[in-house]
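Chain naming here is simple, since letters A, B, ... match the order of the sequence lines and numbering starts at 1 in each.
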Number of protein chains: 2
Amino acid sequence: MIMKYKTVIVDDHPIVISGIAGLLSELDNIEIVEKFESGIALLDYIEDNKVDLILMDIFLPVINGVDLCKTIKQKHPKIVIIGMSSQSERSLVMQFIQNGGNGYILKNASFDEFKNCIYKAIEGEIVFSEEVKTIISQPLSEDLERIPGLSRRERDIALLLSQGKSTQEIADDLFLSFLTVQTHRRNILQKYKMKNVAELIAFLLKNNMLN
Amino acid sequence: MIMKYKTVIVDDHPIVISGIAGLLSELDNIEIVEKFESGIALLDYIEDNKVDLILMDIFLPVINGVDLCKTIKQKHPKIVIIGMSSQSERSLVMQFIQNGGNGYILKNASFDEFKNCIYKAIEGEIVFSEEVKTIISQPLSEDLERIPGLSRRERDIALLLSQGKSTQEIADDLFLSFLTVQTHRRNILQKYKMKNVAELIAFLLKNNMLN
DNA sequence: ATGGCAATACCTGATAAAATGTATTTTTTA
DNA sequence: TAAAAAATACATTTTATCAGGTATTGCCAT
């Protein structure tokens, strides 16, 4: 009798669970023992059942994948955990790996990529799908010239600006001097080399820097 | 011989395609004829092949689902198109429906929801999965008085405004009088009852009215 | 063909914002 | 704890925007 890796899938999209299950069914030494739509259910399950491999979505309701991975690894360091998501942020992937994750796959990866990553992960490697590799292997370019963030106050003011407030109104709202708000405005515009507030707001919104 | 609905799936995640394909295989009168990872490939395909139903992701590379739906419906109004996404924004769903979409399903919908929606859609209904319904049925009041669109010229000017151009620069760019641009600006601000350009740009971007 | 809308253009006064310079206090962080 | 960053405040000059009118032309849809 062949030992199969007892595998669990966690994803809040039934469709995705079904897709991965279909894919994994082609792998001889993988046996899907459970499927969950939330991390809480998974935590319960692994207390009472043997699990070798977990494929988990990173964006889950209630508890997110990064924290979930950490929690599981603390008690069950031998379980191989592979993270998945639709879009990936560099910092998120790094966090996941730092919390003990054994790999990270983007959902737009091909079937072959999925298979390869899973095989290598259960052999002990840390694996990434192609696109993830390209994202995390640009530490020089993107990390160094990454846009400086808004300070708290600057964000407050930018937000009110996007609501059409004038300098005076913002000053009143935040209990500041008109002149202080004016200085902040100037600093923000200078920081991002923007010509005026219109361009600034467009820039901030496009980069999700407001809210 | 039973007539089956010729169905195409478009999603940039192979896993999701596989999942939906698995789900649809349980439906007797649905036949999956093709699967695509991009909208461009789909557009080519429907020129030469009969298609009755399209299930498409909204967030696609190159061309997004909303535009894709519009393009397809212009030439092939009889094709039933159902949109899908992981997260949904109210305005996005409305836009999709306004562009001719026949329904919208969140990917976290259950299998039963998927099946029901697909059945009803091919019977001519406009369908939404449960969570989408709750999202779109929140503020009736504001949405029924749907926002008037920008005219061509107004859009040009709004776009340049979002790039930080001054009235004079816009006038130069578009070979218009300074005064004409000034009038357009005023009209746009008045139309949406915005206090200034900053608020206007925020409003337009949030409603996807630029680009 | 005509009424409505879009696009064009002009005038003016009041107000708001941008550019520039300086400076103190508080908070963060190395 | 010392240095750096952020937040605060002030003053002045120049430039741009906003809001109030008015008016002509072209288009396109009833």
Side-chain angles (χ1 to χ4, degrees), chain A residues 91 94-95 98 139 143-205 207-211, chain B residues 74 98 145-205 207 209-211:
Chain A
S91 64
M94 301 315 276
Q95 240 187 302
Q98 272 172 13
D143 246 70
L144 287 181
E145 56 169 304
R146 78 157 181 278
I147 24 180
L150 289 167
S151 70
R152 250 161 290 159
R153 221 30 165 180
E154 287 172 345
R155 203 191 123 282
D156 293 342
I157 285 166
L159 191 61
L160 292 170
L161 281 173
S162 78
Q163 289 163 14
K165 300 275 176 79
S166 72
T167 302
Q168 187 59 61
E169 286 172 325
I170 294 171
D172 293 345
D173 279 14
L174 300 178
F175 305 106
L176 293 175
S177 156
F178 172 90
L179 297 150
T180 304
V181 177
Q182 197 169 277
T183 304
H184 281 302
R185 293 180 61 132
R186 172 182 45 189
N187 291 340
I188 303 170
L189 286 173
Q190 257 167 8
K191 184 184 292 188
Y192 301 112
K193 297 188 182 66
M194 293 290 148
K195 292 200 228 15
N196 54 42
V197 181
E199 190 184 15
L200 176 71
I201 297 299
F203 170 81
L204 294 177
L205 283 177
N207 290 87
N208 293 317
M209 294 169 71
L210 287 182
N211 278 332
Chain B
Q74 278 168 352
Q98 272 173 12
E145 42 169 312
R146 72 167 179 280
I147 30 180
L150 289 167
S151 71
R152 260 157 284 159
R153 219 30 163 181
E154 287 172 345
R155 204 192 121 283
D156 292 343
I157 284 164
L159 191 61
L160 291 171
L161 281 173
S162 78
Q163 290 163 15
K165 300 275 176 78
S166 70
T167 303
Q168 187 58 62
E169 286 172 325
I170 294 171
D172 293 344
D173 279 14
L174 300 178
F175 305 104
L176 293 175
S177 155
F178 174 89
L179 298 150
T180 303
V181 177
Q182 197 171 276
T183 303
H184 281 303
R185 291 179 64 134
R186 177 183 50 206
N187 290 341
I188 302 170
L189 286 175
Q190 254 167 10
K191 184 184 291 189
Y192 301 111
K193 297 187 183 67
M194 294 290 147
K195 291 202 238 352
N196 53 41
V197 180
E199 191 185 14
L200 175 71
I201 296 299
F203 171 79
L204 294 177
L205 283 177
N207 290 291
M209 294 171 70
L210 287 182
N211 284 327

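The salt bridge (charged side-chain N to carboxylate O under 4.0 Å, His left out) test applied to E199(B) returns no partner, not counting sequence neighbours. Applying the side chain to side chain contact (heavy atoms under 4.5 Å, CB included) criterion to I188(A), with sequence neighbours excluded, gives L150(A), E154(A), I157(A), Y192(A), L200(A). Every side chain to side chain contact (heavy atoms under 4.5 Å, CB included) that D173(A) has, sequence neighbours left out, goes to L160(A), K165(A). Applying the side chain to side chain donor-acceptor pair (under 3.5 Å) rule to N196(B) yields no partners; only residues at least two apart in sequence or on another chain are considered.
For dA7(D), neither phosphate oxygen OP1 nor OP2 lies less than 4.0 angstrom from any side-chain nitrogen or oxygen of R152(A).
With rounding to the nearest 0.5 angstrom, the NZ atom of K195(B) is 6.0 Å from the CD atom of E169(A).
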Identify every side-chain donor-acceptor pair in residues 177-187 of chain B under 3.5 Å, counting partners at least two apart or on other chains, and give the distances.
from, atom 1, to, atom 2, distance (Å)
S177(B), OG, L179(B), N, 2.9
T183(B), OG1, L179(B), O, 2.9
R185(B), NH1, T167(B), OG1, 2.7
N187(B), ND2, T183(B), O, 3.4

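Going from atom CD of Q168(B) over to atom P of dA16(D) covers 8 Å, rounded to whole Å. Atom CG in D172(B) sits about 12 Å away from atom P in dA16(D), given to the nearest Å. At whole-Å resolution of the value, CD1 in I157(A) and P in dA7(D) are 8 Å apart. When rounded to the nearest whole Å, the span between NZ of K191(B) and P of dC18(D) equals 16 Å.
When DNA chain C is scanned in the 5' to 3' direction for atoms under 4.0 Å from non-hydrogen atoms of chain B, the outermost contacting nucleotides are dA6(C) to dT12(C).
Between A198(A) and V197(B) the shortest heavy-atom distance is CB-CG1, 3.5 Å. Nearest approach of S162(B) to A202(A), heavy atoms of both residues: O-CB, 3.4 Å.
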Show each protein N/O and nucleotides 2-5 of chain D N/O combination with a separation under 3.5 Å, one pair to a line.
none

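End-to-end axis angle for the helix from dA1(C)-dT30(D) to dA30(C)-dT1(D), using five pairs per end and rounding to 10°, comes out at 80°.
Heavy-atom distances under 4.0 Å link DNA chain D to Q182(B), R185(B), R186(B), L189(B) of residues 174-189 of chain B, given in residue order.
The one candidate from L204(B), L205(B), I201(B) that meets the side chain to side chain contact (heavy atoms under 4.5 Å, CB included) condition with L205(A) is L205(B).
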